[in-house]
Amino acid sequence: MKTLVLGAGVIGVCTAWHLLELGHEVTVVERQSGAALETSLANGGQISVSYCEPWASREAPMKLLKWMFRSDAPLLFRPQLDWHQWAWGLQFLAQCNDAAFERNVKQLVALGAYSHAALKQIISSTGIEFERLEKGIAHIFTEDAAVESAIKASGLMARFGVDRRVVSRHELLEIEPAYAQFGSQIKGGTFTPSDESGDAKRFTQALAARCAERGAVFLYHHDVEELQSAGAKTDGAKVTDRLSGISRHLKADNVVVALGSYTSPILRRHGINLAIYPGKGYSATFRILRPELAPSVSVIDDGVKCAITRLGDQLRVAGTIQLSGFDLSLDSPLARARCQMLAERTELLLPGVCDTRSEQNGGNPQFWTGLRPSTPTNVPYIGRTRVAGLWVNAGHGTLGWTHAAGSGKALAELISGKKPETSFGFFGY
């Protein structure tokens with residue numbers, strides 16, 4: 001079958017790879033000049049199967065109110081004149097209860113385990129290198145109340161088969177000594193030895209190259225204008241070459257929409273309404289000055305809810321989500337404040353380890369922002385729409401890197417008439 005994949009981020013490329021594995025003829029459409037140049041470009045680097053709790057919880061509404069006027073808030077809701085944002089917000093509030101939380105956690109853990117196994121299969125068969133570190137993920141807490149909450153959360157996760165160990169400050173610093181200078185402020189932590197980290201961009205671009213070697217066609221610099229149909233069935237998409245301005249109809253037996261936050265707007269034109277809203281995430285990449293003192297275990301800093309991951313000779317610090325539409329600017333006062341927070345927090349946690357200086361002071365920090373395609377449940381849409389031949393693989397929020405390999409494998413199997421070996425609830429089934 002001919003299958004058209006819209007989007008060459010980590011989700012789209014993993015989907016393309018597994019479609020090729022099952023014998024499909026694949027074409028991938030991407031508006032950028034290469035793969036992984038938007039949402040997959042500079043994320044936190046964590047493959048965090050065991051840290052997958054959804055944002056919506058019983059405590060979330062009060063936290064959102066408390067954080068609303070903080071420029072460094074981990075999750076910031078900025079109301080817009082956009083009824084889609086408000087509809088998303090109401091659905092989010094409906095998930096803020098214990099029953100929904102546990103239901104969503106169960107889904108995310110199932111997808112995570114399936115995806116981690118799929119990722120390992122890809123790595124084994126391709127030999128792709130992407131600054132991979134198989135050293136687990138640690139979570140550090142600086143407040144006693146946070147430690148108490150972590151103990152309860154670890155008990156809940158254990159019910160779903162997640163090995164999340166509660167550790168003391170001493171044990172945490174044995175796992176990752178790089179935080180010794182900050183150690184007096186650490187109250188405790190958790191550790192998940194089965195998790196890992198790596199560069200999503202490097203992985204995606206290398207996998208895209210492998211796909212091309214196997215015959216996949218990548219149409220870069222192409223915009224997706226609209227989906228095309230023949231009767232009640234999708235038969236391709238209209239795309240426009242950004243360089244020449246020429247438009248054409250790409251015909252296919254199946255179309256996979258893997259456009260991240262832009263999935264919902266394009267499907268909405270065809271009467272398919274998915275609750276995906278962009279969450280603006282930030283990251284900073286700093287050059288490591290003292291490699292011998294830099295961490296090798298990826299860490300979640302609970303104080304500001306950011307991920308800290310070593311990628312070779314650089315340190316990636318990523319965090320904060322801002323629900324305020326499709327804005328990607330880095331020069332607004334709010335954006336500058338959030339980037340500055342990442343630099344200051346890095347220097348506090350790891351003093352002198354990285355070059356966190358601003359450009360004005362002689363440094364070269366690489367600040368970035370990307371739109372996380374977020375659902376109210378944090379559970380992505382993977383499956384079939386009500387339109388024959390039209391499939392979706394989007395809504396992964398902050399877990400796109402974690403869930404990409406499994407999402408792509410599962411959707412390729414569904415398109416091919418197979419049943420994925422996971423208890424995850426696929427969309428449309």
Side-chain angles (χ1 to χ4, degrees), residues 44-53 74 109 112-113 116 119-120 130-199 284-319 342-356 401-402:
Q46 294 185 337
I47 301 166
S48 52
V49 177
S50 306
Y51 289 107
C52 61
E53 286 93 327
V109 169
H116 203 184
L119 175 64
K120 291 176 180 179
F130 54 99
E131 303 292 358
R132 186 186 188 194
L133 289 174
E134 297 177 87
K135 297 192 175 184
I137 295 177
H139 199 150
I140 60 177
F141 302 97
T142 55
E143 297 179 1
D144 291 326
V147 175
E148 293 300 318
S149 295
I151 294 172
K152 294 178 183 177
S154 294
L156 170 64
M157 299 304 286
R159 287 167 45 193
F160 298 113
V162 173
D163 180 17
R164 186 189 296 181
R165 306 172 189 171
V166 178
V167 296
S168 67
R169 172 173 57 195
H170 176 72
E171 290 172 315
L172 184 64
L173 293 177
E174 283 191 334
I175 292 167
E176 181 46 84
Y179 295 93
Q181 292 188 67
F182 183 73
S184 62
Q185 299 188 52
I186 297 174
K187 302 297 183 180
T190 58
F191 180 59
T192 55
S194 59
D195 288 335
E196 55 179 283
S197 61
D199 191 328
T285 305
F286 303 112
R287 181 170 60 91
I288 293 175
L289 299 175
R290 304 188 65 184
E292 73 281 5
L293 296 180
S296 57
V297 175
S298 187
V299 159
I300 301 169
D301 170 20
D302 192 70
V304 294
K305 303 293 192 294
C306 70
I308 303 169
T309 302
R310 184 171 185 167
L311 300 173
D313 60 358
Q314 296 180 317
L315 194 74
R316 174 74 49 75
V317 185
L342 294 176
E344 292 175 351
R345 190 67 178 182
T346 303
E347 193 61 35
L348 178 66
L349 291 167
L350 300 163
V353 173
C354 303
D355 185 359
T356 59
W401 182 203
T402 299

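One is the number of the first residue; the rest follow in order along the sequence.
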How about Ile137 and Ser50: do any of their side-chain heavy atoms sit closer than 4.5 Å?
-> no
Electrostatic pair Arg164-Glu53, nearest N-O below 4.0 angstrom | yes
Is a donor on one side and an acceptor on the other found under 3.5 Å between the side chain of Gln46 and the backbone of Val299?
-> yes
Does the side-chain contact (heavy atoms from CB on, under 4.5 Å) test come out yes or no for Leu133 and Ser298, once each step is laid out?
-> CA-CA 8 Å; Leu133 289 174; Ser298 187; over 6 Å; no
Write down the atom of Arg169, the atom of Gly183, and the distance for their closest heavy-atom approach.
-> CD-O, 2.8 Å
Separation between CG of Leu119 and CZ of Arg132, rounded to the nearest 0.5 Å = 6.5 Å
Under 4.5 Å between any side-chain heavy atoms of Ser296 and Glu176, yes or no?
-> yes
To the nearest 0.5 Å, what is the distance between SG (Cys354) and CZ (Arg310)?
-> 9.0 Å
Test side-chain contact (heavy atoms from CB on, under 4.5 Å) applied to Leu172 and Ile186, step by step | CA-CA 9 Å; Leu172 184 64; Ile186 297 174; 3.8 Å; yes
Within-4.5 Å side-chain heavy-atom neighbours: Leu349 and Tyr179 | yes
Distance-only, no hydrogens or angles: does the Thr309 side chain make a donor-acceptor pair with backbone N or O of Gly44 under 3.5 Å?
-> yes
Test item: Val162 and Val109 side chains (from C-beta on) under 4.5 Å apart, heavy atoms = yes
Measure across Val317 and Cys306 and return the closest heavy-atom pair with its distance rounded to 0.1 Å.
-> CG1-SG, 4.0 Å
Could you give the side-chain donor-acceptor pairs of residues 139-151 under 3.5 Å, partners two or more places apart or in another chain?
from: His139; atom 1: NE2; to: Asp302; atom 2: OD1; distance (Å): 3.2
from: Ser149; atom 1: OG; to: Ala145; atom 2: O; distance (Å): 3.3

Euclidean distance, Ile47 CD1 relative to Trp401 CH2, rounded to 0.5 Å | 4.5 Å
Out of curiosity, Asp355 CG to Arg290 CZ, how far, rounded to the nearest 0.5 Å?
-> 13.5 Å
Do the side chains of Thr346 and Ile308 get nearer than 4.5 Å, heavy atoms only?
-> no
From Arg345 CZ over to Leu348 CG, what is the distance, rounded to the nearest 0.5 angstrom?
-> 5.5 Å
From OG1 (Thr285) to CG (Leu311), nearest 0.5 Å | 7.5 Å
Provide the closest heavy-atom pair for Val166 versus Ser154 in the form atom of the first, atom of the second, distance.
-> CG2-OG, 3.5 Å
Keeping the roles fixed (side chain from Glu347, backbone from Gly352), state whether a donor-acceptor pair exists under 3.5 Å.
-> yes
Can you see which heavy atom on Ser48 is nearest to which on Thr402, and at what distance?
-> N-OG1, 2.9 Å
Return each pair, listed once, that meets side-chain hydrogen bond (donor to acceptor under 3.5 Å, both in side chains) where at least one residue sits in residues 184-193; pairs must be two or more places apart or across chains.
-> Tyr51-Thr190, Thr192-Asp195
Of all the heavy-atom pairs spanning Phe286 and Leu342, show the shortest one and how long it is.
-> CE1-O, 4.4 Å
Of all heavy-atom pairs linking Glu171 and Val167, the shortest is OE1-CA, 3.2 Å
Is any side-chain heavy atom of Cys52 less than 4.5 Å from a side-chain heavy atom of Met157?
-> yes
Would you please name every residue forming a salt bridge (Lys or Arg N to Asp or Glu O under 4.0 Å) with Glu131, sequence neighbours left out?
-> Arg202
